[in-house]
Amino acid sequence: MSAVAPVHTAPAVVARLSPLDRFLPLWIGLAMAAGLLLGRLVPGLDAALDAVTIGGISLPITLGLLAMMYPVLARVRYDRLDTVTGDRRLLVSSLVLNWVVGPAVMFALAWIFLADQPAYRTGLIIVGLARCIAMVIVWNDLAEGDREAAAVLVALNSVFQILAFGLLGWFYLTVLPGWLGLPGAALAVSGWDIAGNVLIFLGIPLVAGYLTRRLGERARGRAWYEARLLPRIGPVALYGLLFTIVVLFALQGDAITARPLDVARIALPLLVYFALLWTGSYLLGRVLGLGQPRTTTLAFTAAGNNFELAIAVAIGTFGVTSGQALAGVVGPLIEVPVLVGLVYVSRWAGRRFFPDAAGHP
């Protein structure tokens, strides 16, 4: 997100960050609060914001997500992607964490914490199946992860999301509960809808970012592109993030504030999930010797979830006022502040466990 190259002392990091980056937790907290207040105080705002949808997602949220992702993808050095695709340890680890470990952990936590709440339990399982393809790019960049690795892993997750989401939904909501003698549920989701979701939220900003770099470097060279152009478009990503958060919580503010105890019950397994997935993935990356940037990327791509898809599927299958939809909405309510916190944990861990790591441009 920031144009500043990572450094390895805390005071230097803080001193070089822009005010927008430096006080990011404050801005995100204010954005969440503003969205919740707007959703409660402005009659009909949620209906107006949700009047037009793209891929099952509100148009304002769609525009915010595209603005959020484009500058980060414009920073990727696409001529370095081959160094990532050749790293089998990273690719295999990411696939296993995302498509085997993540859904299984969320399934277990949903049943442990919400055994008596079938709607919330189902919604939480859906969140676990929707692997992140959007905001993770922002968190990875803020945490000084490997941008090229993040681009490859997100693209890989996107392909598997199209192929595996519906199948895993059937397995975890119908088949596995039957094997264990537990009540199940049904999930109706179209592979084409998921493909459209991926095309919009990853395809558009990816193509735009790639073309921006190729045309910018061809016209003025890499030095000018990275020193002059990227700092100008970089802040757009954080503005897009804050706008997305305001709109998202304005859309769901009434549901969140009307059932605070239910929100707390859904939040607890989510907190455990993010802690387990991020910490376990970070430790795995260190054991595998992936280095600080790719270890960071592995941890964030494993811990993040595609809340846009989870909410769209829950609403499309069970209805906008359903418990499943509320569980999907609580996802970003917890994920956003937790992963912001993990950005700072990651910077500390990088200095602690990789003291000799070189800055990642």
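Other residues, nucleotides and ligands contribute over 12 non-hydrogen atoms within 6.0 Å of the CZ atom of Phe171. Annotation: Trp111, atom CH2; neighbour count of heavy atoms from other residues, nucleotides and ligands within 6.0 Å is above 12. The 12-atom threshold is not exceeded at CZ of Arg228, counting heavy atoms of other residues, nucleotides or ligands nearer than 6.0 Å.
A side-chain donor-acceptor contact under 3.5 Å links Arg214 and Tyr210. When only modelled atom types and interatomic distance are considered, Tyr70 and Thr212 share a side-chain donor-acceptor pair under 3.5 Å. Judged by distance alone, the side chains of Thr297 and Asp146 never bring a donor and an acceptor atom under 3.5 Å apart. Donor-acceptor pairing under 3.5 Å is lacking for the side chains of Arg131 and Asn306.
Ring centroids of Tyr344 and Trp348 are separated by 6.0 Å or more, keeping the two rings apart.
Residue pairs meeting the salt bridge (Lys or Arg N to Asp or Glu O under 4.0 Å) criterion with at least one partner in residues 110-120, sequence neighbours excluded, are Asp116-Arg265.
Looking at Asp79 and Arg77, no side-chain N of the basic residue comes within less than 4.0 Å of a carboxylate O on the acidic one, giving no salt bridge.
Taking CD of Gln324 as the reference point, atom CG of Leu326 lies at 10.0 Å (rounded to 0.5 Å).
Put simply, the side chain of Glu148 does not reach to within 4.5 Å of the side chain of Thr83, judged on heavy atoms.
Between Leu277 and Gly102, the shortest heavy-atom contact is CD1-CA, 4.2 Å.
Checked by atom type and distance alone, the side chain of Thr301 pairs as donor or acceptor with a backbone atom of Leu298 at under 3.5 Å.
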